[in-house]
Amino acid sequence: MASQRKFFVGGNWKMNGNKASIDGIIQFLNAGPLDPNTEVVVSPPAIYMEYVRGKLDQKIGVAGQNCYKVEKGAFTGDISANMIKDIGCEWVILGHSERRNVFGESDQLIGEKVKYALSQGLKVIACIGEKIEEREAGKTEEVVYRQMQAIVDNVAPDQWANVVVAYEPVWAIGTGKTATPAQAQEVHQKLRAWVAKKVSEPVANSLRIVYGGSVSAANCKELGGQSDIDGSLVGGASLKPDFVQIVNATQ
Ligand code: PGA
C-alpha cells in the first residue's frame, strides 16, 4: 500500500446470509475494533441492504452487489442506483466476475452501469480479472486492459475519486488459490502504469486498486504490504469474524 491512498477493504457477501446470520456479522463489525485508517464497505444481498444500513455503524459503508444502468422501468428483478441511494447506501460493486461469467454481462454493459451509477452520485467498486485459461495463454494483460478500457471510457476526469478498482483473477475467487503477493503486485503495478498512460499520472497515483480472490486473515498482511495493492475485496472470509483482521491488515 502506498501512503497517499487510503487502504480499502470491501466485504462481498454474495448470495449468502439470512437475518440471523447477518445480525452476527453486524455484531462483529460494530464491535471491531476496525482500523480508522481503513475504509470499510460491506455488500449484502440487495434485499438486506436497508436492514444492514439501519444497524451497522455509520462509519462502515454499504454497497449494492450490482445495479442496472437506468433510473427505473420495466426491468424485472433488477434494482437501480437511485434505489441504492434512496435507502441511504452510497456504493455499488459493478462487473464482478460472477456477473460477467454466470450472468453474461459484457464489458460494454458494465461500462454503461459504471457511467450511470457515478452520474447518480454512487461510488463504484469496478471489478476486473482474467480466467485461468486466459492467464495460461499469456493474455492476462490484454484481458484486464480491455476490461479497464470499458470502465475508463465511462468515468469523467472528476469522478475518479469515486472509483475503486478490484483486480480479481477469476481462478482465485472462492477457490482458496490466492494469487501470490508477487503475482498480484505485478498486475496491479501494470494496471497503474496503464492508467497513468490512458488517464493521467495523478489519477494513477490516487486510484485505489484492491485485490480480490481468496483473501484471508492468513494472507492479507503480505498482500496488503505490496506497494500497488491498496486493500482487498473479500468474499467468503467477509462472512466471518476473520474479516476484522483483514480490515486491520496494515496495523
Ligand atoms: P472470495 O471472493 O474471497 O470468496 O474468493 C472474492 C470475490 O468474489 O470478491
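All ligand and atom numbering here is 1-based and tracks the order in the structure.
Residue contact annotation: Gly212 has no non-hydrogen atom under 4.0 Å from ligand 1. Within the structure, the closest approach of Gly174 to ligand 1 falls below 4.0 Å when heavy atoms are considered.
Between the Thr38 side chain and the Val247 main chain, a donor and an acceptor come within less than 3.5 Å of each other. Put simply, the side chain of Ser43 never gets that close to the backbone of Asn12: no donor and acceptor are under 3.5 Å apart.
Protein heavy atom nearest atom 7 (C) of ligand 1, with residue, atom name and distance: Glu168 OE2, 3.1 Å.
Within the listing of ligand 1, atoms 9 (O) sit less than 4.0 angstrom from a heavy atom of Asn12. Short contacts between ligand 1 and Gly213, defined as distances under 4.0 Å to a heavy atom of the residue, involve ligand atoms 5 (O). Using a 4.0 Å cut-off to heavy atoms of Gly236, the atoms of ligand 1 that qualify are 1 (P), 3 (O), 4 (O). The atoms of ligand 1 that sit less than 4.0 Å from any heavy atom of Ala172 are 5 (O). Residue Ser214 has at least one heavy-atom neighbour below 4.0 Å for each of these atoms of ligand 1: 1 (P), 3 (O), 5 (O). Residue His96 has at least one heavy-atom neighbour below 4.0 Å for each of these atoms of ligand 1: 7 (C), 8 (O), 9 (O).
Sorted by first and then second residue, the ring pair (Phe, Tyr, Trp, His ring centres under 6.0 Å) pairs with a member in residues 116-170 read Tyr145-Trp194, Tyr167-His188; sequence neighbours excluded.
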Test side-chain hydrogen bond (donor to acceptor under 3.5 Å, both in side chains) applied to Gln27 and Asp23, step by step:
CA-CA 6 Å; Gln27 210 166 27; Asp23 282 343; over 6 Å; no

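Of the N or O atoms in Gly235, one or more lie within a sub-3.5 Å distance of an N or O in ligand 1.
With a 6.0 Å radius and a threshold of 12 heavy atoms from other residues, nucleotides or ligands, Gln120 has its CD atom above the threshold. When the shell of 6.0 Å around NZ of Lys221 is examined, it contains more than 12 heavy atoms from other residues, nucleotides or ligands. Heavy atoms of other residues, nucleotides or ligands lying less than 6.0 angstrom from CD of Gln159 number more than 12.
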